[in-house]
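Single-structure report; data block below.
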Amino acid sequence: MLGSEEFGRLFETFERTAFRLETLAVYDVEEEREEIGRFLAGEDMGPEWDDNPWVRSITERGKHLSRVHVLCSPLTDYLRYELSAYPGNIRAGEVIGIVDLGEQPVTGLPGHDFWLFDDRDVYRMHYTQEGRFTGAELLPPDRLAEYRGYRDLALRHAVPFAAYWERHR
C-alpha cells in the first residue's frame, strides 16, 4: 500500500496516460479545507482556480490526464466545490466526464476509486468512510483487463463535463 507521497511520485514517472475513476461524494483532503471554506463563503478562488498548475505540469510534458467522476445529484457542498474547480483543470489540459447516477443508472462500475497508469498499472484507492485517503494498492496484473473494462464503461456513459455543468451549476 502506497501512502500519499509515494503515490504522488507516480505522476512524475508515468509515460503517456493517467485515468482516474472517482466515486466519493466527499473527499477529506486537509490541504483543501481552507479553500472549501472560501468557496462556500463565495470568495475569490484565485488564479490557480482558473488554470490548475499541477494538471498543467503534466499536460505540458505531452501526457494525457483524464477522469470520470461518478456521482449522484443533488450535489453535496464538496461536489459543488470540486466541480467548480474542473474548468481550470480542463483549461490546463485534463479531460473530464461525469456519470450522474441520479440521471442515468449505470451498472457494472466499481464502488471505489482507482487510477490506471499507461494502461498497464492499476491502483485501487482506499479511503475512510469520511473520505480521507489511507493508501493506494497496486493491483495484480491479472486484474488489469477488469479495470480497463471499468474505464471503458465509464467513458462510454460519461457526459462531457461542460455539458453536465451547464445543466447543474
Side-chain angles (χ1 to χ4, degrees), residues 1-33 35-36 45-71 78-79 81-99 106 108-128 131-165:
M1 189 85 75
L2 297 180
S4 294
E5 192 173 309
E6 298 90 357
F7 183 73
R9 282 197 279 277
L10 295 174
F11 293 93
E12 299 166 12
T13 60
F14 81 91
E15 297 172 7
R16 297 174 322 281
T17 63
F19 170 83
R20 180 175 187 180
L21 184 76
E22 286 185 299
T23 63
L24 300 181
V26 175
Y27 292 88
D28 183 5
V29 181
E30 189 172 333
E31 295 82 16
E32 291 179 343
R33 289 185 188 145
E35 189 174 73
I36 291 169
M45 299 309 293
E48 290 185 1
W49 194 259
D50 296 327
D51 191 339
N52 186 308
W54 179 78
V55 170
R56 176 82 51 206
S57 74
I58 292 170
T59 60
E60 281 183 340
R61 292 180 282 157
K63 298 179 181 188
H64 182 75
L65 190 61
S66 64
R67 82 174 79 197
V68 170
H69 199 138
V70 179
L71 51 82
Y78 181 86
L79 286 176
Y81 155 77
E82 186 172 22
L83 271 61
S84 292
Y86 282 174
N89 290 28
I90 292 167
R91 275 190 287 284
E94 184 175 4
V95 176
I96 301 174
I98 303 293
V99 172
V106 177
L109 291 172
H112 59 267
D113 290 24
F114 70 86
W115 278 95
L116 175 60
F117 292 99
D118 292 324
D119 215 25
R120 68 173 179 235
D121 294 317
V122 177
Y123 287 84
R124 179 179 174 170
M125 309 303 285
H126 293 273
Y127 297 89
T128 65
R132 181 167 295 156
F133 178 69
T134 60
E137 171 190 7
L138 176 61
L139 297 180
D142 64 346
R143 306 281 310 271
L144 186 56
E146 173 188 356
Y147 279 81
R148 285 177 179 158
Y150 293 148
R151 177 206 51 208
D152 295 347
L153 179 63
L155 288 169
R156 204 167 36 253
H157 289 281
V159 173
F161 174 76
Y164 179 83
W165 197 231

My understanding is that only residues two or more places apart in sequence, or in another chain, count here; which of them pass side-chain contact (heavy atoms from CB on, under 4.5 Å) with [X]?
X    : answer
L138 : D121, Y123
V95  : H64, S66
R148 : L116, D119, L144, R151
E15  : D118, R120

Return the [atom1] to [atom2] distance between [X] and [Y], rounded to the nearest 0.5 Å.
X    : Y    : atom1 : atom2 : value
I96  : L83  : CD1   : CG    : 8.0 Å
H157 : D152 : NE2   : CG    : 11.0 Å
S4   : E30  : OG    : CD    : 10.5 Å
I58  : L65  : CD1   : CG    : 5.0 Å
E94  : K63  : CD    : NZ    : 14.5 Å

Determine the minimum heavy-atom distance between [X] and [Y], stating which atoms define it.
X    : Y    : result
G131 : L24  : CA-CD1, 4.2 Å
L21  : P110 : CD2-CG, 3.7 Å
G93  : V55  : N-CG1, 4.2 Å
D51  : R56  : OD2-NH2, 2.9 Å
A136 : M125 : CB-SD, 3.9 Å

Output yes when a side-chain donor or acceptor of [X] lies under 3.5 Å from a complementary backbone atom of [Y], and no otherwise.
X    : Y    : result
E6   : G3   : yes
T134 : T128 : no
R91  : D50  : yes

Report yes if the side chains of [X] and [Y] come closer than 4.5 Å at any heavy-atom pair, otherwise no.
X    : Y    : result
F19  : L155 : yes
L109 : V68  : no
W54  : N89  : no

### Task
Just say parallel, tilted or perpendicular for the rings of F14 and F117, cut-offs at 30° and 60°.
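Because their plane-to-plane angle lies in the 30° to 60° range, the rings of F14 and F117 count as tilted.
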Those residues that, when tested against [X], pass ring-ring contact (aromatic ring centres under 6.0 Å, His included) (two or more places apart):
X    : answer
Y150 : Y147
Y127 : Y27, F133
Y86  : F161

### Query
Tell me the salt bridge (charged side-chain N to carboxylate O under 4.0 Å, His left out) pairs involving residues 132-142, sequence neighbours left out?
D28-R132
Sequence neighbours left out, what passes side-chain hydrogen bond (donor to acceptor under 3.5 Å, both in side chains) with [X]? Give chain and number order.
X    : result
R143 : E146
T13  : none
E35  : Y81

### Message
Can you list everything that forms a salt bridge (Lys or Arg N to Asp or Glu O under 4.0 Å) with R20? Sequence neighbours excluded, please.
### Response
E22, D113
